[in-house]
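Here is the structure we will look at.
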Amino acid sequence: MQPALNTSTFIFLITVILCFVAGLVLTVFSKNKMVNNRWLAGYYFVIGYGLLVAFVLYSKLIFEYPWYHTYRTGYVAAFLLMPLSFFYIRSLIQQKRFRPIDLVHFLPATIFLIDFIPFYFKPAVYKLEQLAIDSQGFNTIWNEFSQGWLDIGFIYVPLRIALTVVYWIWQVRIIIHSGKVKDGQNLLVENRNVMKWVKIFCASQVLFFVPYYINNFFGSQQHFTFVIHTLLAVGTSSTILVLILRPDILYGLKGIMIRDMNSVDDRSAELAGKKEILKDADILIAGKVDGRGHKTSNEIYLSRQKLGDLGKQVNDHVSSKNVFLKKGVTAAELAADMNIQPYLLSAIINQVYKTNFNDFLNGYRINHAKTLIQNGEARLLTLEALSEQCGFSNRNSFTMAFKKHAGRTPSDFIKQTGSSKN
């Protein structure tokens, strides 16, 4: 069959290329631990594949090898699209991690795959016969999905549309809620471009379901499926264009979202003295309490400036109080000294100093050890004694931490320091 290449199929092809390029760029960009970009990369890969199937379909290349093997695979992408979009919005704004329970979002795509696995393994002749039959009623029997062995093909279109609407509303609620968290106004002001982007991103997805309802209201229109896919291609290309023009969007929120998910155990609460207010920060850090006296989650946005201020407070406290010299000191104990919750202290250290609590303190300990060595105060001390004076529990942990932070062992550092003085 002669391929049919026209303006619309050309739009499909250009959008497919843009989607795959955007997906690759985002995949590379996400190596800096920007998890939300991984979800966005998956989103563009999936929609790119879906539009690739649409391209070979409308261009009639689907009747050629190897493209007929893509028949009935486009709806896998359709069921994956909105869950990936939802996880992107959630990880970007709420900064929530993916949990095992979240796998339930991929159940519809899994059911569709299971339903069509026998068809995917059918010979080429059978697939071409089905293509010839379905292409005669593109706006009718094409969407019946009669080739599945579960015989539930009639539910796929309405199910996809319904799920798309649910996910879209869910995303909009996340965006609206972002301005209602503690210090949410700073979130909107500090991340103006990011918030504009997510609104444009969600607005483009209206094309996933509104035309379907319009078509049902006014009656089935000729070439409806072709038109809707063309609109999707244009809408998707527009979102990629916005990313190209504003690449700073890829860095995510400038600040961080903190939530008390009742993760503070009784001992931590006791150590923290059940403090509810972070002094000198004007931030509510304890969870709210419902009518039954149960603690509920509470979200707080910490702006970039506030993060910097809090990071300085932590540094000043650790330095002035010599907290690092105390062996076995825990995050809960330091948080208690500073009258803040442990989860908030951990977030500050992770975001401001890009490390964990132990490495954070070890950095101070190693600097202290280097100072003692350079001043000659460690000359008569064994490594065991020096490690104890610097807050380490044993020589091995001291040596490992010293090599990690100073790039050499303490023995080598002592020799080099002694040689330079001579």
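Source: prediction; values computed, not measured.
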Salt-bridge criterion met for Asp248 and Lys254 (N-O under 4.0 Å): no
Residue among Phe201, Tyr88, Phe86, Phe98 satisfying ring-ring contact (aromatic ring centres under 6.0 Å, His included) with Trp39: Phe98
side-chain hydrogen bond (donor to acceptor under 3.5 Å, both in side chains) contacts touching residues 158-169 (sequence neighbours left out): Tyr75-Arg160, His105-Tyr167
Backbone of Gln351 reached by a side-chain donor or acceptor of Lys354 within 3.5 Å: yes
Quiz item: cation-pi between Arg72 and Phe145, 6.0 Å / 45°: yes
Lys NZ or Arg CZ of Lys122 over Tyr126 ring: under 6.0 Å, within 45°: yes
Side chain proximity check, Trp197 to Thr239, heavy atoms < 4.5 angstrom: yes
Gly255 backbone acceptor or donor facing Lys306 side chain under 3.5 Å: no
Phe402 six-ring centre to Arg408 NZ/CZ under 6.0 Å and within 45° of normal: no
N-O pairing of Glu384 and Arg395 below 4.0 Å: yes
Sidechain N-carboxylate O distance under 4.0 Å for Lys404, Asp359: yes
Donor-acceptor pair, side chain of Asn37 and main chain of Leu250, under 3.5 angstrom: yes
Asp316 atom CG, neighbour heavy-atom count above 12 within 6.0 Å: yes
